[in-house]
Amino acid sequence: MAELNPLSPRVPATRAVREVPDRVSLDGVEQRWDASWSQQGLYAFDRTAAREQVYSIDTPPPTVSGSLHVGHVFSYTHTDVVARYRRMRGAEVFYPMGWDDNGLPTERRVQNYYGVRCDPSLPYVEGFVPPHQGDAGSGGKSAKDQVPVSRRNFIELCVRLSAEDEQQFEALWRRLGLSVDWSRTYQTIGERARAVAQAAFLRNLARGEAYQAEAPGLWDVTFQTAVAQAELEARDYPGAYHRVAFHRTDGGGDVHIETTRPELLPACVALIAHPDDERYQHLFGSTVTSPLFGVELPVLAHPAAEPDKGAGIAMCCTFGDLTDVQWWRELRLPTRSVVGRDGRLLRETPDWITSDGGRALYADLAGKTTFSAREAVVAGLRDSGELDGEPVATQRKANFYEKGDKPLEIVTSRQWYIRNGGRDEELRAALLTRGAELGFHPEFMRVRYENWVNGLNGDWLVSRQRFFGVPFPVWYRLDEDGNPDHGNPLVPAESALPIDPSTDCPEGFTEDQRGVPGGFAADPDVMDTWATSSLSPLIVGGWLSDDDLFSRVYPMDLRPQGQDIIRTWLFSTVVRSHLEFGALPWSDAAISGWILDPDRKKMSKSKGNVVTPMGLLEEHGSDAVRYWAASAKLGTDAAFEVGQMKIGRRLAIKVLNASKFALSFGAADEPVSLDPAHVTRPIDRAMLAGLADVVEAATASLEAYDHTRALEVTETFFWTFCDDYLELVKDRAYAAEDDPEGAASARAALGIALDTLLRLFAPVLPFATEEVWSWWREGSVHRAAWPTAEPLRVAAGDADAGVVAAAGAALAALRKVKSEAKVSMRTPITAVTLTVPSPARASVELALGDVRAAGRVTGALRLVSGEDGTSVARDAELGVAEQRA
RNA sequence: GGGCGAUUGGCUCAGUGGUAGAGCGCCUCGUUCACACCGAGGAGGUCACUGGUUCGAACCCAGUAUCGCCCACCA
C-alpha cells in the first residue's frame with residue numbers, strides 16, 4: 001500500500017460521513033455561517049504571529065454617511081478573495097475594517113440629522129442633547145435653524161451617528177461574507193485616528209516637512225475653504241470672450257485684450273505678452289490705463305504668455321488663474337485682490353482706484369457676486385465704448401472643487417502644507433522611486449501614479465477652513481497687539497494627543513489667556529480628510545499605541561482601492577510613509593475597476609440605479625454575487641450583470657449537489673476515503689493529474705493577484721468533472737460488489753477531488769463550500785490548507801490528464817447519437833461503431849469500461865481510429881430504455 | 001495637447017505566434033435513481049479598420065477609427 005498521503009494536514013485523512021442532507025439548499029447559509037464564524041472567532045487575528053507569517057491588508061474605510069452600492073460589493077469581494085486565499089496558504093491575515101466619518105459628507109449629514117452646526121469657539125457642553133434626530137425633520141436644514149455646538153460635541157455626535165451607520169454596513173459585509181476581524185475597526189474621526197493624525201503632523205512639522213505659508217491658492221467660495229490640487233476637477237464651463245480696450249498713456253491709441261473675466265478689471269495689475277511677439281514689442285516698458293477704472297498699468301513681457309491665445313496679450317489680475325499667480329510672483333507685481341472669500345467683490349473700494357468714475361463704478365460692484373459684477377462691468381464697458389464688438393460665447397474648462405458647483409477663485413490665505421515633491425525635485429524623484437517599488441495590480445495603473453507625481457505643481461495643502469475635522473494641534477503666542485506669532489507655533493507633547501486647541505490650553509498658559517494680547521490663540525483650521533486617511537495603516541496598525549502589534553503588521557502587504565483615488569489616498573499614504581519611515585506602506589496595491597451600467601456609463605445613484613447591495617444579496621445569494629465580482633479582473637471596469645450572478649448561483653448549487661452525490665457513495669460504515677493508494681484506475685488517476693494542473697494554475701494566478709484566472713480554471717475543471725467524469729465513473733462507484741477495487745478507486749478519487757475543489761472554490765464561494773465541508777469534515781474549510789499539486793501528482797502517478805478528455809469526447813459522441821435520435825440518454829445502445837482520433841485511442845481504451853457504462857452500451861462496441869480530430873459514433877442500434885423498478 | 005485601457009458570435013467576456021473559445025440567450029430533444037435553481041445535442045464570429053513583419057497574426061510592429069478614463073488646458 002502506498003504511503004498514506006494526508007491531503008489535509010489539519011484534518012484526519014478519512015472521516016465518516018456525518019450528515020449529507022437529502023435535499024440541499026443555499027437558503028439561509030449566509031446567516032448560519034456568519035453566526036458560526038463569528039462565534040468561533042474564525043477570522044480573529046492572532047497577534048502573537050510572527051511578522052513573516054502575517055499578511056496585512058490596509059482596508060479602505062467606506063464613507064459611512066453615504067450608502068454602500070454595488071461598486072463597494074464588487075471591490076471588497078476582490079479583497080476578501082485575497083484574504084481568504086492567504087489565510088488558507090497559512091498566513092495569519094490582518095484584515096480590519098475602518099469607517100470614514102471624517103470630512104464634508106459626514107459634516108453635512110450630522111448637521112441635518114441632529115440640527116446642529118460646529119462652532120469651535122464654543123465651550124464643550126456635557127450631556128448635550130441635540131434639538132432633533134433623524135433625517136425626516138425639517139428643523140435643521142437651514143443654517144440659521146441649526147444650534148451651534150463645540151467641536152468636541154460635534155465630533156461626539158458624529159461618532160454617535162457613525163455608530164448607527166456602521167451597524168448597517170457591518171451587517172451587509174457579514175452577509176457578503178467578508179472575512180474581516182470585526183474586533184479591529186477604526187473611525188477616521190475617532191480618538192485614535194485624531195491622535196495619530198496629530199502626532200504624524202507634529203513630526204512632519206518638527207522635521208520641516210510641514211510648513212505654513214501665506215500665498216494665493218485655489219479657494220471654494222461655497223464651502224469657503226482652500227482646496228488642494230488633488231481635489232480639483234476640470235469641468236466644462238460656459239464663458240465668453242470680451243474684447244476690451246486699454247488706453248496707451250503715450251497717446252498711441254488703444255490696446256485690445258480678450259478676457260472671459262471682465263469683472264476682474266479692477267484687479268488688473270499689468271498687460272503681458274510674449275517677449276518675442278512682434279506685435280507688442282513696441283509696448284513693452286510703456287504703460288496703459290485700464291478701461292472704466294483708469295488705473296495705470298505696465299505692459300510687460302513674459303514667456304508664459306501665449307501669442308496664439310486670445311489677442312496674444314493678456315491682462316494679469318490678482319488673481320484670475322494660476323498663470324496670473326505665476327506672473328504676479330515672477331514679475332513681482334502688486335497685489336490688488338477684489339474677490340473675497342465669499343466669492344463677492346470686496347465691500348471697500350480699493351485705494352488703487354483713484355478716478356471718480358472708477359470709484360463710483362466700484363461702489364456699485366461692491367458686495368456683488370462675480371457673476372453679477374461681470375454683468376455690471378460689461379454694461380459699463382458697453383456704455384463707455386470700451387467693449388469692442390459683442391462677447392463671443394465659448395466653452396472653456398474651469399477648475400472646480402470636486403464637491404462644489406461654482407468655479408474656484410484664487411484668494412490669498414495662510415495655509416499648512418506638507419511637502420510631497422511638488423516643489424522639490426529630490427523628493428519627487430524619491431516618491432517616483434517608491435512608486436516603482438510598489439506592485440501595482442494591474443500593472444498599467446502605475447502610470448496614473450507616475451503621471452500624477454510628475455504633474456504636481458505645488459506641495460500638499462492640508463489645511464481646511466472648516467470646523468469639523470481633526471484640528472491642527474498648535475497654538476500661537478499673541479503679541480502685545482494681539483497679533484499671532486505664526487512663525488513659532490506652540491505644540492503639545494505627543495503623549496497629550498489628541499487635543500483640540502480651541503478648548504485645550506498650551507502648556508504654561510491658562511484658559512483666561514486665550515485670545516488676549518500676550519496670551520495665545522488656537523490655530524483655527526482642521527486637516528484635510530486625506531491628511532488623516534493617508535495614515536490608515538498607522539491608525540489601524542497601532543502606531544505609537546501598540547508597538548508590538550505595529551511591528552507585526554507594518555509595513556503592510558496590500559492596499560486595495562479604487563482607481564479614482566490613486567492621486568489622493570494611495571499617493572498621500574506613500575508620502576506619509578516615506579516621510580515617516582523612508583519606506584513604502586505596503587508592498588502591493590490592488591486596484592479595482594468601476595461598475596458600469598448596461599449602457600456603459602459609470603454606475604451612479606443619480607441615474608436611478610437603485611439596486612441596493614442587500615437586495616442583491618437577498619435575491620441571488622452572497623456566493624452568487626461574489627462570483628460575479630470575482631469574475632472581473634482587477635483594474636477592469638465590469639458590467640453590472642444579473643446574468644453573471646445567476647451563473648454564480650447555479651455554480652454554488654452545483655457544488656452542493658455534486659458534493660452530495662460524491663459523498664453518497666460512502667456510508668456510515670464505509671467512510672469516504674481520501675487515501676490516494678486506493679486510486680488505481682487510469683481514468684481516476686488521470687482526473688487527479690488534471691486536478692493537479694488546475695491547482696498549480698489557480699495558485700500561480702492568485703499569487704499574481706489574478707483571481708479571475710484562478711476561478712476560471714477551477715470552474716472549467718469542475719464542470720467537466722461533473723458532466724463527464726462523474727457520469728463516467730458513477731456506475732463503477734456504485735458497483736462495489738462486482739468490482740470492489742474499481743469502486744474503491746472511483747470513490748477515493750471522488751473524495752480527493754471534492755476535497756480539493758472545495759478548497760479551490762472557498763475564497764469565492766465561502767458559504768456553499770463551508771456548507772459542504774460541514775457535512776463530512778471537521779473545522780472550517782476557510783482554515784483548511786490551500787491545496788498543493790504534489791500529493792495529487794503522487795496519486796496520479798504517470799497518468800495522462802488527457803484520458804478524461806478523450807473518454808469525455810467518446811461519451812459525448814454516444815450521447816449525440818441519442819440526442820439526434822431524440823431518445824432518452826438512458827436508452828441502451830446495442831451496437832455501435834465509435835471512431836476516435838488516433839492519438840486518443842489508447843486513452844479511450846483505458847476507460848472503455850466506464851465509457852460503455854456511461855453510454856449504456858449493452859452490446860458490441862467497435863472502436864476504430866479516425867484521422868479527423870473528433871469522436872463520432874456511427875451505425876448505432878438503439879434498444880428500449882427500461883424503467884427502473 | 002500628452003497618456004492609459006478597450007474594440008472577438010445577439011449579450012458578458014477568456015484567449016500574447018500554430019486549424020477561432022466559454023457562459024448566457026437562441027434552436028432541438030430529454031428528464032425527476034446528485035442536480036428543473038436540471039441534463040444532452042446544435043446553430044451562430046472574414047477577432048474594429050489599413051498597412052507591415054512572419055512559413056504562419058485575434059495575438060508582434062506602424063497608423064486610423066470609435067468608446068471609456070487619467071493628466072494638462074481658465075487671456
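Here is the naming used below: chain letters follow the sequence lines, and residue numbers restart at 1 for every chain. Note: hydrogens, waters and symmetry copies are ignored here, and every other heavy atom, side chains too, is used.
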* **Residues A:R815, A:D723: salt bridge by 4.0 Å N-O rule** => no

Hey, does [X] reach any base, or is it just sugar-phosphate, or nothing, if we go heavy atoms under 4.0 Å?
X: A:A652; answer: nothing
X: A:E727; answer: base
X: A:Y241; answer: sugar-phosphate
X: A:K309; answer: base
X: A:W628; answer: nothing

* Could you tell me the separation between the CG atom of A:D637 and the P atom of B:C67, rounded to a whole number of Å? => 16 Å

Paired with [N]: which nucleotide, if any, by Watson-Crick or G-U wobble criteria at under 3.5 Å for both distances?
N: B:U54; result: none
N: B:U46; result: none
N: B:G1; result: B:C71
N: B:U7; result: B:A65
N: B:G21; result: B:C13

Given [N], is OP1 or OP2 found less than 4.0 Å from the side-chain N or O atoms of [X]?
X: A:R567; N: B:C71; result: yes
X: A:Q326; N: B:C74; result: no
X: A:S819; N: B:C29; result: no
X: A:K633; N: B:G15; result: yes

Whole-Å [atom1] distance, [N] and [M]:
N: B:U19; M: B:C47; atom1: P; value: 16 Å
N: B:C26; M: B:G10; atom1: P; value: 15 Å
N: B:C61; M: B:U54; atom1: P; value: 16 Å
N: B:A65; M: B:A48; atom1: C1'; value: 8 Å
N: B:A75; M: B:G15; atom1: P; value: 45 Å
N: B:U46; M: B:C71; atom1: P; value: 40 Å
N: B:C59; M: B:G51; atom1: P; value: 14 Å
N: B:U7; M: B:C60; atom1: P; value: 11 Å

* Asked: Just by modelled atom types, is the A:P391 backbone N or O under 3.5 Å from a matching donor or acceptor in the A:H242 side chain?
  -> no

* To do: Look at the side chain of A:E306 and the backbone N and O of A:G312, then say whether any donor-acceptor pair between them is shorter than 3.5 Å.
  => no

* To do: Between A:K654 and A:N399, name the one whose nearest nucleotide on RNA chain B is closer to the 5' end.
  => A:K654

* **Under-3.5 Å donor-acceptor pair between A:K397 side chain and B:C73 base** => no

* Fit a plane to each ring of A:W776 and A:W773, take the angle between them on a 0 to 90° scale, and name the class: parallel (under 30°), tilted (30 to 60°) or perpendicular (over 60°). => perpendicular

* To do: May I ask you to decide if the ring planes of A:H78 and A:F74 are parallel, tilted or perpendicular, using 30° and 60° as cut-offs?
  => perpendicular

* Asked: Where the side chain of A:A314 is concerned, which of B:C69, B:A75, B:G3 is the nearest nucleotide?
  -> B:A75

* **Matching residue for A:Y627 among A:H620, A:R650, A:E715, A:R649 - test: side chain to side chain donor-acceptor pair (under 3.5 Å)** => A:E715

